[in-house]
Amino acid sequence: PSSVVVKLPSEESAYRQIGDRYHAYEREVRFYQEVAPTSPARIPRCYFRAMDHAEGRFVLILEDLGSLTAGD
C-alpha cells in the first residue's frame, strides 16, 4: 500500500506505564492475531504484528483508513 499506520509503544513514560500495567499493547497485538480475522466488522487490515514480551515492545502495521469517513 502507499500508506500505512505504524503503532509503537508510547515514548511518554506515563502512558507507557499505563499500557504496560493493563497489557494494552499485548491485547492489541492479540486482537489483530486472534479476533480480527473472524470479525464481521470492517477493521483495518493488519500487515504485520510483533511483540517482544521481555522488552515490552510491540509493533503493528495497519491499513490506513484515513481516506474513509465515519460510517463507511
Side-chain angles (χ1 to χ4, degrees):
S2 61
S3 178
V4 296
V5 173
V6 177
K7 296 187 79 174
L8 302 166
S10 177
E11 292 184 7
E12 295 291 329
S13 63
Y15 296 129
R16 178 85 182 245
Q17 289 175 4
I18 292 169
D20 290 343
R21 180 179 306 136
Y22 295 105
H23 306 279
Y25 304 131
E26 178 181 1
R27 288 173 188 247
E28 191 166 14
V29 169
R30 290 184 64 200
F31 170 83
Y32 280 100
Q33 179 178 353
E34 298 172 9
V35 178
T38 62
S39 174
R42 172 68 168 100
I43 56 176
R45 178 180 299 161
C46 182
Y47 297 112
F48 180 79
R49 65 190 173 276
M51 179 84 195
D52 181 338
H53 296 279
E55 295 293 322
R57 297 183 299 184
F58 87 104
V59 62
L60 285 171
I61 301 177
L62 304 172
E63 177 182 16
D64 184 357
L65 300 180
S67 64
L68 301 179
T69 57
D72 281 357

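Position 1 is the first residue of the sequence, and the numbers go up from there.
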If Ile, Leu, Val, Met, Phe, Trp and Tyr residues are connected whenever their side-chain heavy atoms lie under 4.5 Å apart, and connections chain through other members, are [X] and [Y] in the same group?
X     : Y     : result
Phe58 : Val6  : no
Val35 : Leu60 : yes
Tyr25 : Ile43 : yes
Val29 : Leu8  : no

Could you tell me the separation between the [atom1] atom of [X] and the [atom2] atom of [Y], rounded to the nearest 0.5 Å?
X     : Y     : atom1 : atom2 : result
Cys46 : Phe31 : SG    : CZ    : 10.0 Å
Ser3  : Leu62 : OG    : CG    : 11.0 Å
Asp64 : Ser2  : CG    : OG    : 8.0 Å

inquiry  = Check this for me: does any side-chain nitrogen of one of Arg16 and Glu11 sit under 4.0 Å from a carboxylate oxygen of the other?
reply    =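 Not counted as a salt bridge, because no side-chain N and carboxylate O are separated by less than 4.0 Å.
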message = Check this for me: does any side-chain nitrogen of one of Arg27 and Glu34 sit under 4.0 Å from a carboxylate oxygen of the other?
response =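 Between Glu34 and Arg27 there is no salt bridge, as every charged N stays at least 4.0 Å from the carboxylate O atoms.
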query = Around Tyr47, counting heavy atoms of other residues, nucleotides and ligands shown, do more than 12 lie under 6.0 Å from its OH?
reply =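 More than 12 within 6.0 Å, yes.
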Partner residues of Tyr32 under the ring pair (Phe, Tyr, Trp, His ring centres under 6.0 Å) criterion, sequence neighbours left out =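 Partners of Tyr32 by the ring pair (Phe, Tyr, Trp, His ring centres under 6.0 Å) criterion come out as none, since no residue qualifies.
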ask   = What is the minimum heavy-atom distance between Gly56 and Pro9, and which atoms define it?
value =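 Looks like O-CG, 4.1 Å.
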request  = Please test Arg42 against Leu65 for side-chain contact (heavy atoms from CB on, under 4.5 Å), starting from the C-alpha separation and ending with a verdict.
outcome  = CA-CA 10 Å; Arg42 172 68 168 100; Leu65 300 180; 3.6 Å; yes
request  = Please report the C-alpha distance between His53 and Met51 in whole Å, then the side-chain angles of each, then the deciding distance to 0.1 Å, and finally whether the side-chain contact (heavy atoms from CB on, under 4.5 Å) criterion is met.
outcome  = CA-CA 6 Å; His53 296 279; Met51 179 84 195; 3.6 Å; yes
task = Apply side-chain contact (heavy atoms from CB on, under 4.5 Å) to the pair Arg57 and Val59, showing each step before the final yes or no.
result = CA-CA 7 Å; Arg57 297 183 299 184; Val59 62; over 6 Å; no
ask   = Any donor-acceptor pair under 3.5 Å linking the side chain of Glu63 with the backbone of Pro44?
value =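 Looks like no, no N/O pair under 3.5 Å.
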